[in-house]
Participant: 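Okay, here's the structure, questions in a sec.
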Amino acid sequence: MRRLLVGLPAGLTVVSLLLTACGAGPGRPARTPEAPACAPALDRALGAWAGAGFSGSVAILRDGAFECRAAYGTADAVAHRPNTPGTVFSIGSVTKAVTAAAILRLTDEGRLSLDDRVGAILPRLRGPVADATVRQLLLHTSGLNGTHGGDYEPLSPDAALAAIGRLKLAFPPGTGYVYSNAGYTLLALVVERLSGRGYRDYVSSAVLRLPGGRTAGGFWDGRPAAPGPRAVGYLDDGKPGHQGGFAGPYWGAEGNGGLAMTMPDLAEWTYALFTGRVVAPASAELAARPGWPLGNGRSETPGWVAFDRSVYGERFLSAAGGGGDVGHNAVVAWVPAQRRVVAIASNTAKLPAEALLRAVGPALLAGRPLPAPSAAGPATTPAAGPARGGDLAAMVGTYRLERGGGFQVSAEGGRLTVSATGADAVRALAPPGPEVTEAALRAHEQRVLVLLDGRTQEGRRERASLEKAFGAVSGLTLAGTVTKGADTRTYVTLTTGRGPVLAWYAVNEQGGVMAAEVPAKPPALTLVPSGGAGRFRPDDPTGTGPRVEVAFDGRRMTVTGAPGTVTAERSG
């Protein structure tokens, strides 16, 4: 459930209120009374990451007992309601792990074999995917490429089945890998047909049932809903994300996204799954067994990704989800040797759950003290006066490059936000990391152009969707490419009947849309003072973002990074 739909607002923003579940004191957030205390050192470390911008919930479970349940930030900025361990988050594509468990449970019940052809189970399925096996759908090796419907597009089971049947395959089933939301919706249709209870009923009554009879969560939209107070996700422009209430039918996201739960529930469910309490022990072993190599120490398993010891020094499995218009990010990891689960969710983008796990995961798995976030510059308050960077108000404005691109600079809370317009400005402000080659960026841009030119099946569908929303598309211009997390995002300016529209697309190597935002805001970077008046660096707690320095001198703005140095002059 990674697709952003036409017309949805952009991204996420951070909210600064903090709450921790593990103790209070002068200058520290208040205690959450219903949560057990974390170890003091872990509490302090997590509190530091909360201070750097993480807002969400953390649950760590070992041998069935909680080591820590903590919550940070605000669940609702308007109501001043804090996150707690009992706060519910959308878990996005972590839903695929639950759908995979439903399939494995049906095999335990003797209702299907993983080597059954999906067309034999769903006789009304047409198209080449009918020859794929259930196992291939679980491992994203069916060849399905592209989307069958939007997350909030009302789509019945029959309509979803027909749309999936029309999708072309990127390769013959079993011969390659391409991540597919449609494949997991097809698996949910298999559950719908074979369970005798329907997908939602079977998942909630059989698959999400914890030892003792309690159910782990429910659905973000529709019934059965996940019980408990919900976190509001916050988008880049500060607006709240989708908070539920979509009337359905839900088969755009059914099976591939849509579930919601608290992080303690997600941790308990994951522990129950891999210890043979949700599915049979042999099926739990299958869920943990590498099934398709992805490279760099990773392999796809049914609903999960397995990481070998070369990644973090300890073998583990992980599932993650987020994006879209809810504004949440969730990640859960199972460490077999330690019988340990770590579940994290966030409701802002300053420090998403996945980024936090990448930053602290190696130390957490090795039993070492967690690293501290990279230091951020001090915020400006009326009492404190200007930040070290100088008079920020004097730097606010529009700056132009010689080739036509430029930067828009704004200031708030002792920080500058710089947005880039035009490919030259985007490349200067957000240069790709050393792991991304120039050839890979150009290839991604070419795939986006092919898509939006309508030269593929999905491209024609996307073009029709754009023209329905914005009128005829008469041209498009590349507006820069950035990397963000696992995504490469190519920005384009569309010339439409309603004027220019900025958009970005992340596509896979087969040209399928993995994520998109239309209309989009220009790529932006938040900066903090760095080492002297007029000098700034990215506000990047994990230290994994663009490595650039921005300096202001009178009416001149200089951006220095791996591509070199560019200078822009203030206009107006």
Side-chain angles (χ1 to χ4, degrees), residues 1 3 95-96 98-175 178-207 219 221-223 246-258 302-303 456-458 460-461 464-465 512-513:
M1 197 174 70
R3 183 75 187 279
T95 301
K96 292 181 176 66
V98 177
T99 300
I103 290 291
L104 294 175
R105 190 176 175 99
L106 288 170
T107 67
D108 296 339
E109 295 169 359
R111 304 195 192 196
L112 82 159
S113 163
L114 296 187
D115 294 318
D116 287 344
R117 288 176 52 254
V118 67
I121 301 171
L122 302 171
R124 297 179 64 184
L125 177 64
R126 298 290 182 264
V129 74
D131 288 329
T133 66
V134 172
R135 189 187 309 273
Q136 289 162 351
L137 291 170
L138 286 169
L139 298 177
H140 299 285
T141 62
S142 69
L144 274 175
N145 188 37
T147 55
H148 66 287
D151 289 351
Y152 297 106
E153 175 184 347
L155 205 63
S156 69
D158 287 344
L161 193 68
I164 294 170
R166 289 193 294 268
L167 292 175
K168 294 182 179 179
L169 300 188
F171 44 76
T175 63
V178 59
Y179 185 91
S180 174
N181 284 329
Y184 268 74
T185 291
L186 200 52
L187 289 170
L189 287 163
V190 170
V191 175
E192 180 93 354
R193 179 173 178 83
L194 295 182
S195 68
R197 286 183 265 176
Y199 173 76
R200 289 193 168 209
D201 185 33
Y202 186 73
V203 163
S204 59
S205 63
V207 181
F219 291 85
D221 288 283
R223 296 182 181 277
F246 172 53
Y250 307 101
W251 285 88
E254 206 81 305
N256 70 72
T456 64
Q457 180 190 48
E458 186 163 13
R460 289 186 286 276
R461 188 175 186 273
S465 178
V513 177

Participant: When you measure from the side chain of Arg111 to the backbone N and O of Asp108, does any donor-acceptor pair fall under 3.5 Å?
Facilitator: no
Participant: Quick one: OG1 on Thr133 to CG on Leu114, what's the gap to the nearest 0.5 Å?
Facilitator: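 One finds 8.0 Å between OG1 of Thr133 and CG of Leu114.
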Participant: Using the test side-chain contact (heavy atoms from CB on, under 4.5 Å), find all partners of Arg105 that sit at least two apart in sequence or belong to another chain.
Facilitator: Glu109, Tyr202, Ala206, Val207, Val279
Participant: Measuring from atom CG of Leu186 to atom NE2 of His148, what distance do you get when rounded to the nearest 0.5 angstrom?
Facilitator: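 Rounded to the nearest 0.5 Å, the CG-NE2 separation comes to 9.0 Å.
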Participant: Start with the C-alpha gap between Val190 and Tyr199, add the side-chain angles, then the distance that decides, and say whether side-chain contact (heavy atoms from CB on, under 4.5 Å) holds.
Facilitator: CA-CA 8 Å; Val190 170; Tyr199 173 76; over 6 Å; no
Participant: To the nearest 0.5 angstrom, please state how far the CG atom of Asp221 sits from the CZ atom of Phe246.
Facilitator: 7.0 Å
Participant: Which heavy atom in Ser180 sits nearest to a heavy atom in His140, and how many Å separate them?
Facilitator: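 Smallest interatomic distance, heavy atoms only, reads N-ND1, 3.0 Å.
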Participant: With side chain to side chain donor-acceptor pair (under 3.5 Å) as the criterion, how do Thr95 and Tyr184 come out once you've worked through the C-alpha distance, each side chain's angles and the decisive distance to 0.1 Å?
Facilitator: CA-CA 9 Å; Thr95 301; Tyr184 268 74; over 6 Å; no
Participant: What are the two closest non-hydrogen atoms of Leu144 and Val178, and how far apart are they?
Facilitator: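 Scanning both residues completely, I find the closest heavy atoms to be O-CG1, 3.1 Å.
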Participant: Between Asp116 and Ile121, what is the shortest heavy-atom contact and its length?
Facilitator: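 Looking at all heavy atoms of both residues, the shortest contact is CB-CD1, 4.0 Å.
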Participant: Which salt bridge (charged side-chain N to carboxylate O under 4.0 Å, His left out) pairs, counting each pair once, include a residue from residues 158-174, with sequence neighbours left out?
Facilitator: Arg124-Asp158
Participant: Hey, are Asn256 and Thr185 close enough side-chain-wise for a donor-acceptor pair under 3.5 Å?
Facilitator: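 Side-chain D/A pair, Thr185 to Asn256: present.
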Participant: To check you understand the geometry: which heavy-atom pair defines the closest contact between Pro154 and Gly248, and what is its length?
Facilitator: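 Looking at all heavy atoms of both residues, the closest pair is CB-O, 3.9 Å.
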Participant: Drop me the distance from Arg135's CZ to Ile103's CD1, to the nearest 0.5 angstrom.
Facilitator: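 Separation between the atoms: 12.0 Å.
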Participant: Under the salt bridge (charged side-chain N to carboxylate O under 4.0 Å, His left out) definition, can you give me all pairs with a residue in residues 185-202, not counting sequence neighbours?
Facilitator: Arg200-Glu254
Participant: What closest approach, in Å, do Leu167 and Asn145 show between heavy atoms, and which atom pair accounts for it?
Facilitator: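 Looking at all heavy atoms of both residues, the closest pair is CD2-O, 4.0 Å.
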Participant: With no hydrogens and no angle check, is any side-chain donor or acceptor of Ser113 less than 3.5 Å from a backbone partner on Asp115?
Facilitator: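 Between the backbone of Asp115 and the side chain of Ser113 there is a qualifying donor-acceptor contact (under 3.5 Å).
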Participant: Can you give me the closest heavy-atom contact between Gly222 and Tyr250, atom names plus distance?
Facilitator: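 Looks like CA-OH, 3.2 Å.
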Participant: Give, for atom CG of Leu137 and atom OG1 of Thr99, the distance between the pair rounded to the nearest 0.5 Å.
Facilitator: 11.5 Å
